[in-house]
2 protein chains.
Amino acid sequence: MKTDSTTEDKIKEAAKQVFIAKGFSGCTSREIAKAAGMNVALVNYYFRSKSALFKIIFEAAMGDFLLSMLDVFNTSLPLEDKLRNYLDREYAFLTKYPEIPSFIINEMGRKEGVHIDNTAVFQCIEHTGIFEECLMEQKAGRMREIDITSITLLMMSNCQFPFMGAAVIKQVHALSDEQYEKQLVQHKQIVTDMLIGYLFPESKSTQITQK
Amino acid sequence: MKTDSTTEDKIKEAAKQVFIAKGFSGCTSREIAKAAGMNVALVNYYFRSKSALFKIIFEAAMGDFLLSMLDVFNTSLPLEDKLRNYLDREYAFLTKYPEIPSFIINEMGRKEGVHIDNTAVFQCIEHTGIFEECLMEQKAGRMREIDITSITLLMMSNCQFPFMGAAVIKQVHALSDEQYEKQLVQHKQIVTDMLIGYLFPESKSTQITQK
DNA sequence: AGCAATTTTAAACAAGCGTTTAAAACAGAG
DNA sequence: CTCTGTTTTAAACGCTTGTTTAAAATTGCT
């Protein structure tokens, strides 16, 4: 740990850790302060309130979460390769920060949650032109003609659920943390094969994807 | 609403609604009491504490959640039909109770959550022999040879995520509640085609699944 | 009716919450 | 060192939390 970071950064780092692990209503201001090694009042000195701090942490997590997505979509690779890269990057990101999808989805789902305007964030995705690219590939007969929303659902489901539902799966199949980690590595390959095979039925590389 | 239900049942029903919508730490005892139309003390008169009540609600939700799964697996249909039935039943269940997977997964994931022993519940799944059946089909060459855990992951990911992540998807694609509901109907079909096609590559009915 | 047990309520409890206050510790400039 | 503004702290604020108490209302029984 770097100890030369500013007080403000130390609070943000502690808040990130605690908020993501426990959610907004699952933790207290004092808990965050203690994790940062300081007084409660200092947290409110730098950030006005628990809600204000949460908003900052949430938006940062959202940003991190979409970053890898964006710079894959902004490359000029063929769509099928973009999809492979996306799956690669997403699994790498989620292996590093496995709690983020749960965090985002929960806090977005809560009716009385801290309200945050995400429209700008999501417009970034649309702005990459990835959706239009799919439509073009579909019209050209190279991609299966299914709804764009369903494509998003397929991608997100098969990337994020294995991390969100880790606790359940580990219990169902009596797996240790290390075993599940290995499982995820091979599951990424399965998901890639399945999705590529389904979305690009004619693709020559459907069956022979290797690690 | 039936008004002739007992006080105990009224509390349980209110608690179910509130706990599932907001989570354990996202709501208060008084909130549950008010939802049931009564005093706080009465909640603790019937159930000893908030935690004890939560435990009951959680285990009931867990039971409901696994019920449809179990009696599909306990039929004597061919595996591929079981899988189709499972997807059908699971989407029907989740359409009715869309918040349950988030609820279960969150509360299981929280480190400091109310501790509950689920081993018995999960042994029920194993006891149906569904896993052995998969292994037999794989040995017979009728099913793709992938890990049982990955099969579970594929099924759960593609069933549960579309409901858990509804808020995110709706925002990304700017969909109304009704639009997303329709989306889910057609997504179920896509998921069925994709999973059957992937898991049973030789199946004659891969491409012609109808509603 | 009257009595005992059960059910419901209002009120209070200590503990913890988010937030604020006012004073202490610290820093840099003169 | 002194004076300034900034950073940090301890303590307190009012409020809500989960839980308990003790009295009131209700029920069932004889």
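Chain A is the first sequence line, chain B the second, and so forth, proteins listed ahead of strands; every chain is numbered from 1.
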Practice item. Encode nucleotides 14-27 of chain C as B, S and - characters from 5' to 3', where the letter depends on protein heavy atoms closer than 4.0 Å: B to the base, S only to sugar-phosphate, - to neither. Key: ---BBBBB------
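Backbone-only contact: Tyr46(B) has heavy atoms under 4.0 Å from sugar-phosphate atoms and none from a base.
Using a cutoff of 4.0 Å between basic side-chain nitrogens and carboxylate oxygens, Lys55(B) and Glu59(B) are not scored as salt-bridged.
The nearest whole Å value for the distance from the CZ atom in Phe47(A) to the P atom in dT7(D) is 13 Å. For Phe54(B) and dT17(D), the CZ to P distance is 18 Å, given to the nearest whole Å. Distance CD1 (Ile11(B)) to P (dT19(D)): 14 Å, rounded to an integer number of Å. Here dA11(C) presents its C1' atom at 15 Å from CG of Leu42(B), a figure rounded to the nearest Å. Note: NZ (Lys34(B)) to C1' (dT9(C)) measures 15 Å, nearest angstrom.
Taking the six-membered ring where the residue is Trp, Phe131(A) and His173(B) present tilted rings, their angle falling between 30° and 60°. The aromatic rings of Tyr86(A) and Phe73(A) lie parallel to each other, with less than 30° between the two planes, well short of the 60° mark.
Evaluation of the ring-ring contact (aromatic ring centres under 6.0 Å, His included) rule for Phe47(B) yields no partner, not counting sequence neighbours.
Residues Thr149(B) and Val172(A) fail the side-chain proximity criterion, which asks for heavy atoms closer than 4.5 Å.
Under a cut-off of 6.0 angstrom, the local environment of NZ in Lys82(A) is crowded, with over 12 non-hydrogen atoms contributed by other residues, nucleotides or ligands.
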